[in-house]
Amino acid sequence: MAASMEKIDRVIGFRVTPINRRRIENFKKNQRGFWSLWIFLFLFVVSLFAEGVANDKPYLVRFDGAFYLPALVAYPETTFGGDFPTEADYTDPFVQELIEKQGWIAWPIVRFSYDTIDRELGKPAPSAPDARHWLGTDDQARDVFARLLYGFRLSVLFGLILTILSSVVGVAAGAVQGFYGGWLDLLFQRFIEIWAGMPQLYILIIMSSILVPGFWVLLGILLLFSWLALVGVVRAEFLRARNLDFVRAARALGVADATIMFRHVLPNAMVATVTMLPFILTGGVTALTSLDFLGLGLPPGSPSLGELLNQGKNNLQAPWLGLTGFFVLAIMLSLLIFIGEAVRDAFDPRKTFA
């Protein structure tokens, strides 16, 4: 155990406190959550490099003794001896022949991007899985595997950004409310009760139908309600700590309220906050998928898990669409839930100070 903790100290660059050492050990004891974290990180890292895994552009081209990176840089067709000054279409057999006469092409594992329409499919879309399309195609002849890969990355990044912003807003609101108390706490609690009692899904649907859909628009809409999950736990910790001796001593010494709140009291409240983060991430991914399924989410053509589920509903003769979307969502959300349970166990005071 000591050797493993020393390795962790060297990796992160500073010494881990004894309490955090115990929390790390408690997290590792939860084998389901521990391995879920590694599986989720592997899938997420792979999705971050989706352009190198599934793309209709080669990641490397050697032509006439020079190297090119089409996945990162747009090259005109004239660069490879073509006739048009527009960007080269590397799926065109003519362009491929031009390049291979004086070089070679290194393709990704899947030669389709999320928006690539396979015009050489040779059968009606949606088509069943085969060697060309591992998970088949959707009703627009787009590769399902590529759309899943890009959609997984988009959903996770959306959930992570929403979780971070919700944490900032929720922690700040709960800290101010609990630290000062009195009328401020009373008025804020009444506002939260009214705001939390509103029909969130209907408001999200109405605002999504009025505003132009987009990544940041949806993020702002969901942020209106997601911060409420953290206010209660942070407020409770600040209400408990505001009258403790070290807070009174700091006030007597003239320490600023902001310093007391965020340097002395907030670390105690972060224990309850951290345990909520995986569940907020899960809620963000689910909300985005629900809006996409209803057609009120991301713009048409975006890689979306909800849009894939909707295609499965509309194309019952192609069961691979609905089953693929279902299993991907089920696995992703299960992994996040298992990670959240392991984090909760790691920060459980009964286990940390036992």
Side-chain angles (χ1 to χ4, degrees), residues 23 27 30 33 36-37 40 155-181 184-208 215-242 261-262 265-292 296-297 305-306 329 332-349:
R23 288 169 177 165
F27 182 85
N30 190 321
S36 295
L37 175 63
F40 180 79
S155 298
V156 174
L157 288 177
F158 182 90
L160 287 174
I161 297 175
L162 180 63
T163 301
I164 294 172
L165 295 179
S166 301
S167 301
V168 172
V169 177
V171 168
V176 172
Q177 186 178 350
F179 187 79
Y180 291 105
L184 178 63
D185 181 32
L186 183 64
L187 294 175
F188 216 123
Q189 277 297 102
R190 301 293 80 76
F191 168 76
I192 290 177
E193 290 173 359
I194 296 173
W195 191 247
M198 300 180 69
Q200 300 181 14
L201 181 60
Y202 293 110
I203 293 177
L204 292 174
I205 293 175
I206 292 172
M207 296 189 68
S208 299
F215 184 91
W216 297 107
V217 172
L218 291 176
L219 190 68
I221 294 174
L222 292 176
L223 182 60
L224 294 175
F225 298 98
S226 59
W227 61 274
L228 296 173
L230 292 174
V231 175
V233 293
V234 176
R235 170 181 173 270
E237 290 293 332
F238 272 79
L239 284 174
R240 182 183 63 85
R242 56 182 289 194
M261 292 168 60
F262 295 102
V265 183
L266 184 59
N268 298 323
M270 289 306 295
V271 173
T273 302
V274 169
T275 59
M276 296 287 294
L277 298 185
F279 302 102
I280 297 178
L281 174 58
T282 303
V285 172
T286 305
L288 177 63
T289 304
S290 302
L291 290 175
D292 286 337
L296 300 172
L305 300 179
L329 272 174
M332 176 172 60
L333 297 179
S334 297
L335 291 175
L336 291 175
I337 292 296
F338 293 155
I339 294 171
E341 291 177 350
V343 172
R344 182 189 60 194
D345 293 342
F347 283 88
D348 190 343

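Just so it is clear, the structure is predicted and the values come from calculations on it, not from any experiment.
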Among Phe225, Phe188, Trp227, the one residue meeting ring-ring contact (aromatic ring centres under 6.0 Å, His included) with Trp195: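 By the ring-ring contact (aromatic ring centres under 6.0 Å, His included) criterion, Trp195 pairs with just one of Phe225, Phe188, Trp227: Phe225.
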Which heavy atom in [X] sits nearest to a heavy atom in [Y], and how many Å separate them?
X	Y	answer
Gly174	Val234	C-CG1, 3.7 Å
Leu277	Ser167	CD2-OG, 3.0 Å
Phe179	Arg242	O-NE, 3.6 Å
Gly33	Phe27	O-CZ, 4.0 Å
Gly159	Thr163	O-OG1, 2.6 Å
Leu336	Pro278	O-CB, 4.0 Å

[atom1]-[atom2] distance between [X] and [Y], expressed to the nearest 0.5 angstrom:
X	Y	atom1	atom2	value
Ile161	Phe215	CD1	CZ	4.0 Å
Leu162	Leu218	CG	CG	10.5 Å
Leu329	Ser155	CG	OG	7.5 Å
Ser166	Leu224	OG	CG	10.0 Å
Leu333	Thr286	CG	OG1	4.5 Å
Phe158	Leu222	CZ	CG	4.5 Å

List for me each residue that meets side-chain hydrogen bond (donor to acceptor under 3.5 Å, both in side chains) alongside Asp185, sequence neighbours excluded, and say none if there are none. Gln177, Arg235
The side-chain hydrogen bond (donor to acceptor under 3.5 Å, both in side chains) partners of Thr289 (sequence neighbours excluded) come to none
Tell me, with the steps shown, if Val343 and Phe279 meet side-chain contact (heavy atoms from CB on, under 4.5 Å). CA-CA 11 Å; Val343 172; Phe279 302 102; over 6 Å; no
Residue pair Leu230, Ile280: steps toward the side-chain contact (heavy atoms from CB on, under 4.5 Å) verdict: CA-CA 9 Å; Leu230 292 174; Ile280 297 178; 3.7 Å; yes
Checking side-chain contact (heavy atoms from CB on, under 4.5 Å) for the pair Ile192/Leu228: CA distance, chi angles, key distance, verdict? CA-CA 8 Å; Ile192 290 177; Leu228 296 173; 4.1 Å; yes
Which is it for Met332 and Leu335 under the side-chain contact (heavy atoms from CB on, under 4.5 Å) test, yes or no, and what are the steps along the way? CA-CA 5 Å; Met332 176 172 60; Leu335 291 175; 5.8 Å; no
